[in-house]
Amino acid sequence: MSYRVIQWSTGHVGAWALHAIIEHPDLELVGLWVHSDAKAGSDAGELCGLPPVGVVATNDAEALLALDADVVCYTATADLRPWEAVKDICRILESGKNVVSSSLVQLLHPPKADPAMVERLEEACKAGGVSMFTSGIDPGFANDLLPIVLTGFCERVDQVRIKEILNYATYDQPEVLFGTMGFGQPLDHMPLLLIPGALSYAWGGAINMIADALDVEITELRERHERASLDHDVEIGLGTVEAGTMAGLRFEVAGVVGGQERIVVEHITRVHDDVAPDWPKGHGQGYYRIEVTGSPSINVDLEIVGEDGDHNTGGVLATATRIVNVIPDVVAAPPGMLSTLDLPITPGRHLMPR
């Protein structure tokens with residue numbers, strides 16, 4: 001069966017999603033939304049490094065909503081425009097099209113997301129008779145799907161801890177790197193991510209999803225962070241991180257169960273390997289580590305590398321392919337807001353050469 005897909009945006013994740021949709025044997029690209037006038041009128045294939053495919057990019061949302069499509073892959077950046085993104089997605093859902101998205105990470109686990117946001121989106125799902133699924137990599141499958149699967153091999157689970165240990169020097173998203181996370185800013189600067197409650201808002205969904213899967217209740221989310229600098233400038237792909245500014249960020253979001261920190265997400269991120277030598281380091285340029293402590297204890301290192309050899313390229317591609325490959329399951333699901341717990345395990349159907 002072939003699924004008709006509209007890709008919504010060609011930014012950091014969107015370009016990779018577009019590439020994956022075009023290359024997927026079970027999907028047919030029928031439309032492409034772009035923000036800029038410069039991209040409008042371009043062939044979709046050419047915008048993601050492929051030969052022309054005969055689908056022309058447009059910034060006419062109404063024309064796209066009028067198309068016959070099964071699903072929209074919505075990857076437009078939403079960190080600073082959450083309700084604008086909700087408005088976009090509601091229009092899409094109400095037009096009778098399912099949505100898979102990486103944009104609003106707080107929707108990873110709808111039962112514990114912003115009630116007003118979920119209620120509005122549920123209404124749109126009901127009106128269109130369709131479903132919506134949100135995922136990413138972290139928050140996303142690295143700290144919900146994979147840890148949940150690993151706990152199924154245990155007799156007892158005492159703690160689940162997920163670590164991201166990455167070098168962000170090649171992360172090609174200036175708004176996130178410098179604005180949201182605060183790299184290159186003074187150490188006393190308060191970036192969006194470190195405003196009290198922001199870490200819990202972003203990673204609380206993944207933590208609560210693991211708790212729901214284990215049938216326990218999170219009574220508190222605790223946040224901790226520390227920052228580090230270097231005594232010399234560092235040149236990265238997006239510019240210069242000056243000496244004395246933030247070149248490393250370490251934070252934890254801990255979910256408390258029965259008075260103990262039982263489910264923890266930890267990030268150790270740098271723009272240079274010399275930053276904070278006392279912090280844990282990954283092999284290569286970084287990886288994810290899932291630690292299930294119990295009986296038995298299980299430790300899994302997840303390293304994702306793009307075809308160009310870069311870990312950030314691989315991570316962004318995996319973020320995109322997670323939502324692209326799950327399209328058939330989302331289309332088949334009952335109408336409403338979905339999480340990883342509502343869907344079957346999704347293999348790479350028809351993706352191996354024969």
Dump the intermediate steps for side-chain contact (heavy atoms from CB on, under 4.5 Å) on Val241 and Arg270, then the final yes or no. CA-CA 11 Å; Val241 176; Arg270 304 170 169 89; over 6 Å; no

Next on the checklist: If you apply the rule side-chain contact (heavy atoms from CB on, under 4.5 Å), what do you find for Asn59 with His35, and how did you get there?
Outcome noted: CA-CA 6 Å; Asn59 47 22; His35 177 264; over 6 Å; no

| message | Thr346 vs Asn325, test: side chain to side chain donor-acceptor pair (under 3.5 Å). Steps then yes/no. | response | CA-CA 7 Å; Thr346 302; Asn325 291 339; over 6 Å; no

Criterion side chain to side chain donor-acceptor pair (under 3.5 Å) on Asp88 and Tyr74, from CA distance to verdict: CA-CA 9 Å; Asp88 287 345; Tyr74 187 95; 2.7 Å; yes

TODO: Mind running side-chain contact (heavy atoms from CB on, under 4.5 Å) on Leu80 and Leu192 for me, showing each step along the way?
DONE: CA-CA 9 Å; Leu80 301 179; Leu192 179 64; 3.6 Å; yes

Hey, mind stepping through Tyr171 and His12 against ring-ring contact (aromatic ring centres under 6.0 Å, His included) and telling me if it holds? CA-CA 10 Å; Tyr171 190 69; His12 195 47; 4.9 Å; yes

| request: Run the numbers on Trp83 and Asp114 for side-chain contact (heavy atoms from CB on, under 4.5 Å), then give the verdict. | output: CA-CA 11 Å; Trp83 280 99; Asp114 182 339; 4.1 Å; yes

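Counting non-hydrogen atoms of other residues, nucleotides and ligands closer than 6.0 Å to CD of Glu123 gives a total above 12. Other residues, nucleotides and ligands contribute over 12 non-hydrogen atoms within 6.0 Å of the CG atom of Asp278.
Between the side chains of Thr75 and Gln7, at least one donor N or O sits under 3.5 Å from an acceptor N or O. In this model, no donor atom of one side chain and acceptor atom of the other lie less than 3.5 Å apart for Asp172 and Asn312. Side-chain contact check for His109 and Asp144: no donor-acceptor pair (N or O, by modelled atom type) lies under 3.5 Å. Under the 3.5 Å distance criterion, with hydrogens and angles disregarded, a donor-acceptor pair is assigned to the side chains of Thr240 and Glu235.
Taking the six-membered ring where tryptophan is involved, the planes of Trp8 and Trp33 are essentially parallel, since the angle between them stays under 30° and well short of 60°. Aromatic ring orientation, Phe183 versus Tyr168: parallel (interplanar angle below 30°, classes split at 30° and 60°).
Side chains of Arg120 and Val86 form a contact here, defined as non-hydrogen atoms less than 4.5 Å apart. Using a 4.5 Å heavy-atom cutoff, the side chains of Glu164 and His267 are in contact. Looking at Pro82 and Leu104, their side chains come closer than 4.5 Å, going by heavy atoms from C-beta outward. At a threshold of 4.5 Å between non-hydrogen side-chain atoms, the residues Met181 and Gln173 do not count as touching. Residues Asn167 and His311 form a side-chain contact, since some pair of their non-hydrogen atoms from C-beta on lies under 4.5 Å apart.
Results of the side-chain contact (heavy atoms from CB on, under 4.5 Å) test with Ile290 over Leu150, Ile298, Asp301 single out Leu150 as the only residue that passes.
Salt bridge absent: Lys112 and Glu217 never bring a charged side-chain N and a carboxylate O closer than 4.0 Å. Under a 4.0 Å N-O distance rule, the pair Arg91/Glu62 qualifies as a salt bridge.
The cluster map of Ile, Leu, Val, Met, Phe, Trp and Tyr, joined by side-chain heavy atoms under 4.5 Å apart, puts Val275 and Leu193 in the same cluster.
Here the CD1 atom belonging to Ile162 is positioned 5.5 Å from the CG atom belonging to Asn143, to the nearest 0.5 angstrom. Rounding to the nearest 0.5 Å places CD1 of Ile92 at 9.0 Å from CG of Leu64. Ser200 OG to Ile207 CD1: the interatomic distance, rounded to the nearest 0.5 Å, is 7.0 Å. Separation of atoms CD1 (Ile268) and CZ (Arg289) is listed at 11.0 Å; rounding is to 0.5 Å.
No donor-acceptor pair under 3.5 Å is formed between the side chain of Asp310 and the backbone N or O of Gly306.
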